[in-house]
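Since the structure comes first, as C-alpha cells, the remarks are kept for the end.
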Amino acid sequence: MTKKRKKGRIVIDRELCKGCYLCVSVCPDQLIGVSDSLNQKGYYPAEFKGNNTGEEERGCTGCATCAITCPDVAIEVYRE
Amino acid sequence: MAKKVFERPKYLKKSVFHYCPGCGHSIIHRLVAELLDELDIGKKAICVPPAGCAVLAYNYLDVDMGEAPHGRGAAVATGLKRTLPDKIVFTYQGDGDIAAIGTAETIHAANRGENITVIFVNNGVYGMTGGQMAPTTLEGQNSTTTPGGRDPARDGSPLDLSQMLAIAKGSVYIERTAVNSPKNIRRTKRAIKKAFKVQMAGLGFSLVEVLSPCPTNWKMTPVDAAKWVEEHVTKIFPLKVIKDKAGKVT
Amino acid sequence: MIGEAAVRAGCRFYAGYPITPQNELTEYMANAMAPLEDGTFVQAESELAAINMVIGASMAGARAMTSSSSPGISLKQEGISYLAAQELPAVIINTMRGGPGLGNIAPSQGDYFQATRGGGHGDYRTIVLAPASGQELANLTMTAFDYADNYRTPVMILGDGMMGQMMEPVTFPDPVDLQKLSPKPWKLDGADGRPSRVILSLLLDTAKEEEHNWKLARKYETIAREIARADTYMTQDAHLVVIAYGTAARIAKGAIKRVREIGLKVGLFRPVTLWPFPQRAILELSRFVKDFLVFEMSTGQMLEDVKLSLEGRSRVHFYGRPGGIISTPDEIAKVINSLYHRQRLELEEE
C-alpha cells in the first residue's frame, strides 16, 4: 500500500510557546510533541513531529486544529 | 507552493501575551481580532477593556481603546456608542467585573437596549488579584477566599448573569460558549460574529459569555483545566443560545 | 440657567440621576437634548453609571456633563478620578446640600474639601468654579466647558440649593459654534487611516506613573497661573475684609452694604475659582488689611485655604453656619460689627 504524500505542515514559534500543550492534546494525528530543550522563557515548547519522519510521511493534514486552540498564536499552518 | 492557511490576525499587535499558559483570554482576543478583520469593522471599532487580567488588552488588540473603571464598561460603552452611533463599540469584561461590581451597569445597559456588544469572559475566579471567589465560582470550588470550597450557605451560589440579562427586554442576543476545545472555540467565534452583526444591524444589546479556563488559579494543568470546563463548569453554565430575538442576521 | 448655558456651550451629552435639590437641571436637560439630532440624554441607573457614561461620551469627543447634589457627588468621585487620570474633559455640577450622610436638602457649603482636594483617589486636582449670581452661573457654565476642553480635565461648578432655585434675569451668551471648537486629536472614533489610540489610566510601570503624575502637576501649575480668579467689593479702603464664596458671598455683600451705611470700612473678597484658589490676590490684600473674616455655610473649610494663602500675615476670624442654615445679612452684619469695633479698640490702645 502506498501512502499519499501529506499536503500540510505547521510551524511552531518556539519562543512564543508557553508549554500549555493544548495543541498536543488536540492534534488528531498526534503529530505534536514536546521539545527537550528550554526556550528563552523557560518553557519546553511544543514541537512539530511531522518533519522528523521519512519523505513519504512528512507533514500533516493541515487541519489547523492546533492553531485554533493555541492561546499564544504560536502556530502557523501551511497547506498546498 | 504551500499557502499559509492560519496566521496571526492583523488586528492583533505583535506583542507577546502576558497571560499564563493555557489561558482562555488570549484565544478570545484572537477570535475578536479575526472577526474585526473578517467583518471589516476594525477601523470603526472602539473597545472598552476592563479591570482584571484583560486590563492589558490594549497591548494586543489594535483598535481604539478606552479603559473603564472596574465594572463600568457598559456605562462607558453607552457614552461612546450614543455619541458615535455609527461606530462598533464593544466591552471585554471578566466575571468579577461584569457580574459583581458591574452588575447594575450591565443590566441597565441591556434593559435600555444599548446597541453595544459585550464579550463576557467567565473563568469563575478573580484571576488578576490571585484567585479569590468570583460571583461565578462553582459550589465546592476552591478559591483563596472560600476555604474548603464555595459553600452556598456562607458564600452564595454561582450567579447566572446571562440568564438575568435575557429577562431584560432590551437584550437581543445572548449566547454562552466556551474555549476549552477546538469545536467550542469555533462555536465561540460564530457567536461573537453574530453578536457583532446584531450591533451592525442596529438591533440592540448583544452578549457572548465565554467559559474560559484559568489553569493557574484553578491549580490545574491547561489540559486538565480544559477538561474541567467540560465536566463541571458547563453543568452549571450550560452552553446554549440563551436568547435570540435577532434570528438570521446578514 | 445651567442647562440653557450648557446647551449653548455645546453640551451634547448629559447623564444624570435624580436627587434633590437639582432635579430641575436633569429635567431641563432631558427636554433640551430631545430635539437635538446630536444630543443625548440618559437617565442613568446610578450616579456611578452617569459619570461613567460621561467618561465614554468624553472619550468620543462630545462636550459632556453630569450633575448631582452632595451624596451623589460622593458616588461620582470614582469617575472624576478617572477623568483626571485619563485627561478627559467633562463638566460636573454639584448643587451642595446639608451633610454628611443623607443630611438634608437645604443649601450648604460642606463639600468644599471634597471638591478642591480631589475628592477621589490619587494625586489630582479638579477645577472648581463658584458662581454667586444667576448671570455668573450662566457665564461660568460656558467657561467650564472651555476650561475642560483646553486643559483636558474635569471642571466642577460648586453651587448650592439656593443658587439652584434662584430666579434672576439672565442674558445668555451666544451659542458656541461646535464646528469652530478645537479638534480633539486624542478622541476615540475608530482607527481609520491612523494608528489606534488608547485612553488608559493603568500605568503599572512606576516610572511611567510618576512621569504621568508630574505631567498632571505641571498642568495644574499652569491652570493655577492662568485662571485663578476672585471678585472684590469695596476693599480699597477696608480695615476688615470678609471672604466668602457663592451664596455666602451674596449674604456677606448684603451685610457689608448695611455696615457701610453706618460708616464701617469693610469689604468683600469673593473667590470665583475655589481651585485654583486665588492665593496671591488675598496675600496682596494682607498688605493693607489686618483682619479677615471668613464666612462659610460649613464649620470652616475654605478657612484653611485662606490661612495658607496669608502665611500668617493677618488675623483670620471665622463665622460659619453649617447644616443648611441660611444666615441673614443682619446676622453677618452683627458679626462684622463686633469684630470691627474690637479692632478699632485695639488700635486706640496701641
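Just so we're on the same page: letters track the sequence lines, and every chain starts at 1.
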side-chain contact (heavy atoms from CB on, under 4.5 Å) partner of M59(C), the single match among D64(B), I46(B), L80(B), L84(B) | L80(B)

Against chain C, work out which of N111(B), T78(B), V63(B) has the most heavy-atom pairs shorter than 4.5 Å and name it.
-> V63(B)

Do other residues, nucleotides or ligands put more than 12 heavy atoms under 6.0 Å from [X] [atom1]?
| X | atom1 | result |
| --- | --- | --- |
| D177(C) | CG | yes |
| I105(C) | CD1 | no |
| F237(B) | CZ | yes |
| W186(C) | CH2 | yes |

Toward chain C, the part of [X] with a non-hydrogen atom under 4.5 Å:
| X | answer |
| --- | --- |
| L56(B) | side chain |
| K13(B) | side chain |
| K87(B) | side chain |
| A45(B) | backbone |

Backbone N/O of [Y] and side chain of [X]: donor-acceptor pair under 3.5 Å:
| X | Y | answer |
| --- | --- | --- |
| E45(C) | H108(B) | no |
| K43(B) | A191(C) | no |
| E67(B) | L202(C) | yes |

Can you tell me how far [atom2] of [Y] sits from [atom1] of [X], rounded to the nearest 0.5 angstrom?
| X | Y | atom1 | atom2 | result |
| --- | --- | --- | --- | --- |
| L200(C) | N59(B) | CG | CG | 9.0 Å |
| Y58(B) | S196(C) | OH | OG | 12.5 Å |
| K44(B) | D189(C) | NZ | CG | 12.5 Å |

Please look at [X] and chain B and tell me whether the side chain, the backbone, both or neither of the residue comes under 4.5 angstrom of a heavy atom of that chain.
| X | answer |
| --- | --- |
| R194(C) | side chain |
| T40(C) | side chain |
| V54(C) | neither |
| F41(C) | backbone |

Does any non-hydrogen side-chain atom of R82(B) lie less than 4.5 Å from one of V42(C)?
-> yes

Report yes if the side chains of H70(B) and E78(C) come closer than 4.5 Å at any heavy-atom pair, otherwise no.
-> no

Highest number of heavy-atom pairs under 4.5 Å with chain B among D192(C), D38(C), I55(C) belongs to D192(C)

How close do A75(B) and A49(C) get, heavy atom to heavy atom, and via which atoms?
-> CB-O, 3.7 Å

Stepwise side chain to side chain contact (heavy atoms under 4.5 Å, CB included) check, R72(B) with L48(C) | CA-CA 8 Å; R72(B) 320 284 174 235; L48(C) 273 171; 3.6 Å; yes

